[in-house]
Amino acid sequence: MKKNLPLSFPRKQTFLRVASRSIVPSAVAHWLGVRAIAIAPEQVAVREGLRAGVAVGTVMLLALYLRMPLMAWSAFAAFWTCLVDPGGLLRPRLDAMLKFAALGTVLSGAISAAAGAGPLAAFTGLGVAMFGCALGRLRGPIATQIGVLAAIVAVVAVCYPFPPQTALRVSGLFAVGSIWATLICVLAWPVDPYMPLRLACSALLREEERMTRRLLDFMTPGGPSVEQARASVGAFRREIRSRIERTRGRIDVLSADAISSRTRATLLPAVEACDRIFIALIAFEHAVLSGETSRAARRTVRVVTTMLHRMAHEAQRPEPRPDRLYRHQRLLARLAEQDTDLFGKGAHVCAQAVQDLIQAWQTLASGSQQATRQTEPGALPRPTAPRLPAFRHAARLCVSVLVAYAISLTLHLPYAYWAMMAVVVVTQPRVTTTLPRTIERVIGSIAGGLLAAVMGVLLPVWSIVLLIFPLAAATIALRSVNYALCVMFMTQLFVLVTDLVNPGLGWDVALARAINNIIGSLVGLAGCLLLWPERRDTPLAAQVAEAFRANIRYAALATGSAPLTWPQIEAARRKAGTTSTRAEIQCQTARLEGLRRSDQIGKARDILFLLRNLAGAASVWWMEKTPDQTPALQQRAALYSRLAERFAPADEACPAPGTPAQPDPTLDEILLLVQKLDLADPEDPPVQAISRGHSS
């Protein structure tokens with residue numbers, strides 16, 4: 001009997017929650033996400049933004065009241081201190097903010113005095129500061145953030161050459177601003193330290209819910225065309241797979257803290273359940289795109305949709321309520337008993353995943369505190385970066401900043417510290433992350449500079465003062481959402497603050513900001529490309545070959561007759577998904593680097609699209625597998641077993657003595673093979689020829 005399950009929504013949503021969700025619509029965020037543009041609207045930190053607005057706004061009002069332009073250093077220090085706040089528990093937050101306050105106080109005065117002593121002292125002090133701040137990467141992500149912001153303090157200070165007495169005042173003003181911001185962050189608007197992780201887990205479940213809703217649209221008569229959806233299959237799955245791995249990685253870090261382990265024990269089972277449900281969704285999607293639209297299939301997909309919605313709602317609660325999932329789990333179990341087709345087996349997979357999640361949450365809620373006692377503070381080593389890449393990055397950053405400083409002195413650029421700030425922020429240890437950061441930095445700076453210029457010319461001073469608060473709040477609130485948005489608001493904030501302490505500049509400040517950011521971003525990108533470049537990533541053809549091998553192995557396990565445990569099939573599926581994702585990202589990067597390999601890129605994209613289809617088919621085959629296989633199924637299993645053996649990695653293959661190692665198949669060979677596999681014709685001569693090692 002069919003039961004309609006109403007969608008469950010929170011009874012009451014606070015104003016801050018509604019505001020954070022309405023800034024970036026989820027549909028827009030998903031559209032950007034499947035195009036590899038990182039944006040996470042669920043990470044809008046409204047409360048943290050309000051604290052930053054109060055900290056910066058009050059200091060600016062005091063500076064204007066006292067007519068002290070130099071007090072802008074206090075405003076900048078307050079903003080940077082809010083930016084360095086890592087969130088989480090109070091003790092590590094205080095530790096990070098106080099360390100930054102001490103380091104910034106020393107650097108602001110020392111570099112300013114060095115710049116006042118002459119160019120040689122300025123270059124020497126700036127180089128030492130850059131190298132030392134960049135080495136903070138050796139001590140983990142929080143130290144990396146402190147080092148980046150301390151480097152920004154140094155590049156700003158070098159553009160304010162003062163005698164020692166005035167430089168000492170700069171240090172004092174910086175200390176005042178940092179301490180004031182620390183007090184505001186600690187005392188005002190307490191925030192749940194684990195809410196960002198809960199929201200990330202909830203967003204992951206909502207993304208899967210969106211995937212099932214899309215399937216319902218395709219299964220509805222008169223809905224969107226299935227052919228139009230085939231092109232976005234790989235992007236959709238890549239986005240969800242990337243979210244699963246990112247969220248799992250962020251939650252795994254919590255095990256390093258005893259107090260955090262309870263949150264880890266709550267969220268990690270939700271991510272694991274989400275990962276297990278994903279395999280059923282891939283199978284559902286493959287069946288729907290193949291034309292399956294039966295009433296029973298629509299009922300199953302509808303129940304899974306409402307279940308994911310409820311799971312997403314419970315995952316963002318500090319204390320999830322497992323009893324709210326009982327109804328969905330029981331209905332899925334009944335559907336699995338009634339239907340023996342693919343959708344019935346998928347309902348069984350989902351029901352089992354939800355049942356395990358309910359048991360994990362019940363165990364946690366029943367008073368069992370073993371999970372919180374298993375890990376003592378400091379039991380796990382602090383995550384660190386490899387030493388050689390860290391030193392190489394420090395040297396590269398040091399040289400790039402000094403080059404930008406020399407260019408600004410030669411060209412007499414006003415507000416030259418913006419060029420050096422761009423170098424500090426843009427320069428990353430790897431070129432693949434530096435290039436998109438450069439693009440986002442330039443776009444955000446130009447957009448923010450234009451908006452700030454319009455406001456600076458058209459608005460009176462009192463309205464600009466009022467804008468300081470929302471701009472500082474928006475910058476901090478959006479720092480984890482999207483880098484380009486953060487830079488856009490940060491640019492407006494810095495330009496308007498500069499215009500307030502130096503009135504009458506108008507468009508010049510915004511224009512200088514945009515030009516200097518472009519120069520600094522290009523210098524940072526050139527430094528990553530030319531100065532001690534790291535070893536290039538695995539070539540695109542090799543990554544595609546690796547993805548091909550992983551997907552073939554997954555298909556071989558899914559079709560084989562040997563009984564498999566869930567961890568075995570799950571490990572193969574995850575490897576197939578992650579290798580395909582890495583190859584797709586490399587393909588996108590190659591497209592950004594130029595069109596010289598357009599033919600190779602086109603072949604790689606076609607292969608990766610077909611591999612996503614193969615993974616979906618393998619999920620279907622695994623769920624439909626029965627102990628008694630027909631001759632056709634046995635023939636297919638033998639084909640994939642032979643292919644997996646033929647293309648096994650060198651460390652897994654066992655060739656006969658004296659037999660040379662088989663090279664990776666070419667893109668042409670892989671494309672021909674996956675095209676034939678997609679036709680599901682095991683007897684095709686080209687397929688058998690390639691599977692035996694002879695290209696046709």
Side-chain angles (χ1 to χ4, degrees), residues 19-25 28-29 31-33 35-46 48-50 52-53 56-57 60 75-76 79-80 82-83 148-149 152 156 415 417-428 433-459 463-500 505-522 524-525:
S20 65
R21 287 184 180 177
S22 61
I23 289 177
V24 181
V28 176
W31 186 89
L32 295 172
R35 286 158 179 81
I37 301 175
I39 186 166
E42 74 278 357
Q43 296 298 323
V44 176
V46 179
E48 290 86 340
L50 292 176
V56 177
M60 279 306 304
F76 292 147
F79 174 76
W80 288 326
C82 294
L83 199 60
V148 169
L149 291 172
I152 291 176
V156 175
Y415 308 105
Y417 55 82
W418 280 330
M420 292 180 284
M421 285 172 60
V423 175
V424 172
V425 177
V426 163
T427 305
Q428 302 294 316
T433 52
T434 300
L435 181 59
R437 180 61 65 94
T438 301
I439 296 173
E440 290 182 292
R441 177 83 184 185
V442 171
I443 293 175
S445 295
I446 293 176
L450 291 176
L451 291 173
V454 172
M455 290 186 290
V457 172
L458 300 181
L459 298 181
S463 61
I464 293 178
V465 174
L466 295 179
L467 284 173
I468 298 299
F469 175 87
L471 288 176
T475 303
I476 299 298
L478 297 174
R479 62 177 174 173
S480 298
V481 176
N482 178 262
Y483 183 67
L485 286 175
C486 178
V487 170
M488 185 181 72
F489 285 102
M490 187 189 304
T491 298
Q492 298 176 65
L493 175 65
F494 272 64
V495 170
L496 293 182
V497 168
T498 305
D499 196 33
L500 285 175
L505 296 177
W507 291 88
D508 294 340
V509 180
L511 182 61
R513 166 84 180 193
I515 293 175
N516 291 347
N517 265 287
I518 293 173
I519 293 175
S521 298
L522 294 178
L525 179 60

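Residues take their numbers from the sequence shown, with the count starting at 1.
- The CE atom of M490 lies 7.0 Å from the CD1 atom of I476; values are rounded to the nearest 0.5 Å.
- Scanning all heavy atoms of the two residues, the minimum distance from A52 to C82 falls at CA-SG, 3.7 Å.
- With sequence neighbours excluded, no residue forms a ring-ring contact (aromatic ring centres under 6.0 Å, His included) with F489.
- Residues V56 and I468 approach most closely at CG1-CG2, 3.9 Å, considering heavy atoms.
- Of all non-hydrogen atoms in A472 and G53, the two that sit nearest each other are CB-CA, 4.0 Å.
- Counting heavy atoms from C-beta outward, V156 and W80 have side chains that approach closer than 4.5 Å.
- With respect to L83, the side chain to side chain contact (heavy atoms under 4.5 Å, CB included) criterion is satisfied by exactly one of L149, V148, I152: L149.
- Annotation for S521 and V426: closest pair OG-CG2, 3.8 Å, computed over non-hydrogen atoms.
- Annotation: side chain of T475 is in contact with side chain of F79 (closest heavy-atom distance under 4.5 Å).
- Under the side chain to side chain contact (heavy atoms under 4.5 Å, CB included) criterion, A419 pairs with N516, not counting sequence neighbours.
- By the side chain to side chain contact (heavy atoms under 4.5 Å, CB included) test, L522 is found to be paired with I518, residues two or more places apart in sequence or in another chain being considered.
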